[in-house]
Amino acid sequence: MRSGSGIEQFLGGVEVDGVAAVRWVAVSPMGGQYRISLHTVQDLDDDRFGDLPEFPSLDPVDEDYVGEGRELGCSTDEEQAIALAERLAGAAADRWVNFGVAGEEYLDLVRSRRSGSPGS
């Protein structure tokens, strides 16, 4: 994150009020702090479009500021922010990726469901 970009982690599929959804958590530098946000968006089941922040949000908090997600917390320390994200969102310490890569993981999920691969 030292380059000024955030990190994120794709958390997988969930169901929200009967609607298929996906979630990811992000840790982003913002104003001298690190913001932890949880994103819950509709699963569009499209293997050609993985720009997750552009998917319809299923979290009412995100309606006014699409793509911002639900703020889970902030920290002035990068490592503490990551640990907090892992604790609050159930993220795994060894699965963090650069900002924008979670969308690629979503595309992999959609393709695996279509091919009938394990884990789909």
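Keep in mind that what you see is a predicted model, and the values were worked out from it rather than measured.
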Participant: Give the minimum heavy-atom separation between V27 and A81, together with the two atoms involved.
Facilitator: CG1-CB, 3.9 Å
Participant: First locate atom CZ of R70, then atom NE2 of H39, and finally report the distance between them rounded to the nearest 0.5 Å.
Facilitator: 11.5 Å
Participant: Applying salt bridge (Lys or Arg N to Asp or Glu O under 4.0 Å) as the test, list every pair that has at least one member in residues 27-38; sequence neighbours left out.
Facilitator: R35-E71
Participant: Rounded at 0.5 Å granularity, tell me how far OH in Y34 sits from CD in E78.
Facilitator: 4.5 Å
Participant: Quick one: side-chain contact (heavy atoms from CB on, under 4.5 Å) partners of D17, sequence neighbours excluded?
Facilitator: none
Participant: For the atom pair CG (D43) and CG (L52), what is the distance rounded to the nearest 0.5 Å?
Facilitator: 9.5 Å
Participant: Hydrophobic cluster membership, with links at side-chain heavy-atom distances under 4.5 Å among I/L/V/M/F/W/Y: are V41 and L109 in one?
Facilitator: yes
Participant: Would you compute the distance between atom CG of L107 and atom OG of S112 and round it to the nearest 0.5 angstrom?
Facilitator: 11.0 Å
Participant: Is there side-chain contact between V110 and D46, with at least one heavy-atom pair below 4.5 Å?
Facilitator: no
Participant: Quick one, L44 with E54, criterion side chain to side chain contact (heavy atoms under 4.5 Å, CB included). Give me CA distance, side-chain angles, the key distance, then yes/no.
Facilitator: CA-CA 11 Å; L44 300 180; E54 297 298 320; over 6 Å; no
Participant: Holding to salt bridge (charged side-chain N to carboxylate O under 4.0 Å, His left out), I want the full list of residues that pass it with D45, two or more places apart in sequence or in another chain.
Facilitator: R113, R114
Participant: Establish whether L11 and I82 are linked, either directly or via other cluster members, by ILVMFWY side-chain heavy-atom contacts under 4.5 Å.
Facilitator: yes
Participant: Would you mind reporting whether F55 and Y106 have side-chain heavy atoms less than 4.5 Å apart?
Facilitator: yes
Participant: Is the shortest side-chain heavy-atom distance between Q9 and I7 below 4.5 Å?
Facilitator: no
Participant: Using a 4.5 Å cut-off on heavy atoms from C-beta on, say whether the side chain of L38 contacts that of D59.
Facilitator: no
Participant: Pairs under 3.5 angstrom only: tabulate donor-acceptor contacts from the side chains of residues 83-105 to other protein residues two or more places apart or in another chain.
Facilitator:
from, atom 1, to, atom 2, distance (Å)
E86, OE2, W96, NE1, 2.8
R95, NH1, F10, O, 3.4

Participant: Do you know the tightest heavy-atom contact between A21 and V16?
Facilitator: CB-CG2, 4.0 Å
